[in-house]
> 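Please find one structure pasted underneath; my questions will follow.
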Amino acid sequence: MFSVAALAGAAGALPALADSSRASFTVTAAARTLVAPSAGGEGGFSDLLVSFAADDGSSPLAGVKILVDGRQLARLAELSLPASCAFTDAEHLQALCAPGDFTGGGHLTLGVRAAQGAQAGATGKVLFSVTAGNAVVNHAAGRDVTEVRVGDGPQLSVARLPVLTRTKPGAATTLTTGLTNQGDRDARGVLLWFRIPEGYAPAAAFGDFANCRYPDRAAGLVLCRLDDTVVRPGEVLRPSVPVTLLAGDDPRDGRFEYGADVAGGPTDRQLTAAQGAGRPGAGAPLTLTAGPAGGFGDEAASSYLQTGRPYALAAVATDVTGVQGATVPATFALRNDGGAPAAVRDGRTADGDPSGLLVSFPSGVRIAGAPAGCAERPAEPTVFLCARTRTLAPGEFEAYTFQLLLAEPLDRAPGRASVEGQALAGAALFTVTSGAAPAPTTIRSWTAEPGPALRAVAPAVEETGPEPSTGPAAAVTVAPAAPSPTSQGSLGAGLAETGGGTGGLSLAATGGLAVGLGLGLIGLAARRHWAGGRG
């Protein structure tokens, strides 16, 4: 039976790993990257990023090695390697990288460009296989494949931002942005968009352009239109005024996102509808000027703004153990670890993102029943988002109980619960174990000492009452043990976010690194997030 006391005890437990004697870590490669069509084999390289982060946020990862398999890029693209890597084949499409040891996590950035003669619109994939001498990969999370696409038509992409940007209350932070056309035709008309996290606002110089529309409040979506701008293939531009954000007096950590699209493109249509009317600026229009080359690769980029404020919400999870074929309950929860109430407005946070619990179940588990307010993510049948419906006082929980059908034999298969709506939030790892059903056990006497099978079906809560009376011996068949969740829970820590950087950059050196899932994807982190021991 679920109780706050049980969850409180579970919260301090260490994550249950596939190998309990070793740490686990998550690998996340960028979902995709664009490359410009070749100009005589001399085109610039786009970034190809792979990140790795210890699931507890701070464990050392010793002897990290990365196998790069780009054989699908044959006659489509070429790779460029940092110093810690070497090609292992004559075609220079496979490589071994040995960036070394890391605390908490790190990332590696390779280069990729279109091969001479590659057709616009062609795609291929690069597979990353990451190992560490003292840790195992958590295959239930992350991503190890990046799609490489040769730009087709006008194709705008933006410069990658630092994975982490440190800021502090009341301080102004300048972010260097830029864009290029990695397609094979002119891009006529440009939409630039910026998503400003709660607790931040555009600085005065960046907050009043006549060709931009702003949200009714400081945080939110800013759309800027440059309808007369033409970006030629390979041309690199940047905003005439740097993007500058001003942190409020008490800002939370948050993610700044920005991107570009050809005017009238799908992103333009979606974001225009999402923003609504907006508030037009009254100053001079924003323009674009020539910018530095390098570091491009996608239509959008982000940087995590870290103020050092403790996170308010954390996920709590319980390990699940049962018999294969049985349906068992499993309870997860959101807990407010902050010192003030964690408010919610109509199920959403102030910046419009959903605020709730994201639970990712391992393969082999089917959801026989989901609690009210929990819904499957599209195209992800084992990932559920559970809405937070009320304000949580400090230390208070909101719990969600699922009914899980253990469809396949599992041995501590890993799953993850995390907080949605925050790029960094307390994450909890859990495991699912399902064994074969034991054969029925026959007990010859009520007065006999109960055996293991009889104890297994005893109530979880102590009950008192009269001892059974002594009677004649009778054969009693006891059913196999009914499965139930264990009381062990975990508050693991991992961080997932994409971003640019140098090959083999340690997360401890930057103070934080996300291994991310791209924009809008699931963030992994602990409340004790990568401070000092985390990258």
Side-chain angles (χ1 to χ4, degrees), residues 1-3 6-7 10 15-18 24 26 55 138-143 313-335 347 354-390 397-421 425-437 460 480-492 494 496 517 520-524:
M1 180 177 179
F2 173 80
S3 71
L7 278 177
L17 308 175
S24 69
T26 297
D55 286 335
N138 176 7
H139 292 290
R143 177 180 51 248
L313 293 177
V316 179
T318 59
D319 291 344
V320 180
T321 302
V323 175
Q324 182 185 351
T327 298
V328 300
T331 298
F332 306 90
L334 282 170
R335 185 184 66 224
S355 172
L357 183 71
L358 195 68
V359 186
S360 178
F361 295 98
S363 177
V365 173
R366 298 177 187 170
I367 310 304
C374 297
E376 284 183 352
R377 302 270 287 198
E380 296 178 288
T382 58
V383 180
F384 279 73
L385 177 62
C386 300
R388 181 160 63 95
T389 61
R390 57 189 174 85
F397 294 89
E398 182 166 2
Y400 312 87
T401 299
F402 288 81
Q403 299 297 322
L404 306 183
L405 173 60
L406 307 181
E408 299 177 12
L410 300 172
D411 181 13
R412 290 182 291 179
R416 184 184 73 246
S418 59
V419 181
E420 178 74 355
L429 305 178
F430 65 94
T431 63
V432 180
T433 299
S434 58
S484 62
T486 74
S487 61
Q488 302 250 330
S490 63
L491 272 178
L517 326 175
L521 8 151
I522 303 170
L524 286 180

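Computed from a predicted structure; not experimentally measured.
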> Before giving the answer on side chain to side chain contact (heavy atoms under 4.5 Å, CB included), spell out for R388 and L313 the whole-Å C-alpha distance, their side-chain angles and the decisive distance to 0.1 Å.
CA-CA 11 Å; R388 181 160 63 95; L313 293 177; 3.7 Å; yes
> Given side chains that start at C-beta, do those of L406 and V323 come closer than 4.5 Å, heavy atoms only?
no
> Quick check for you: to the nearest 0.5 Å, what is the distance between R143 atom CZ and T26 atom OG1?
12.0 Å
> Output all residues satisfying side chain to side chain contact (heavy atoms under 4.5 Å, CB included) with Q403, sequence neighbours left out; order by chain, then residue number.
T327, P329, A368, T401
> Apply salt bridge (Lys or Arg N to Asp or Glu O under 4.0 Å) to R366 and list each qualifying residue two or more places apart in sequence or on a separate chain.
none
> What pair of heavy atoms forms the shortest contact from L404 to A330, and how long is it?
CD1-CB, 3.6 Å
> Under the 3.5 angstrom rule, does the side chain of T431 hit a backbone N or O of D319 as a donor-acceptor pair?
no
> Measuring from E398:CD to L357:CG, what's the distance to the nearest 0.5 Å?
9.5 Å
> Kindly determine whether F332 and F397 satisfy side chain to side chain contact (heavy atoms under 4.5 Å, CB included), including the steps that lead there.
CA-CA 10 Å; F332 306 90; F397 294 89; over 6 Å; no
> Taking all non-hydrogen atoms of both residues, which atom of P362 and which atom of V432 are closest, and how far apart?
CG-CG2, 3.9 Å
> Looking at residues at least two apart in the chain, or sitting in another chain, which of them share a ring pair (Phe, Tyr, Trp, His ring centres under 6.0 Å) with F384?
F402
> If every non-hydrogen atom of E408 is compared with every non-hydrogen atom of S434, which pair is closest and at what distance?
O-OG, 2.5 Å
> Can you name the closest pair of heavy atoms from P414 and N138 and give their distance?
CG-OD1, 3.5 Å
> Out of curiosity, L385 CG to Y400 OH, how far, rounded to the nearest 0.5 Å?
8.5 Å
> Looking only at atom types and distance, does a side-chain atom of T318 sit under 3.5 Å from a main-chain N or O of T331, one as donor and one as acceptor?
yes
> Atom OG in S360, atom CZ in R377: separation rounded to 0.5 Å?
10.0 Å
> Going by the rule side chain to side chain contact (heavy atoms under 4.5 Å, CB included), which residues pair with T433 if we only count those two or more places apart in sequence or in a different chain?
T321, R412
> How many angstroms lie between CG in L405 and CD1 in I367, if you round to the nearest 0.5 Å?
9.0 Å
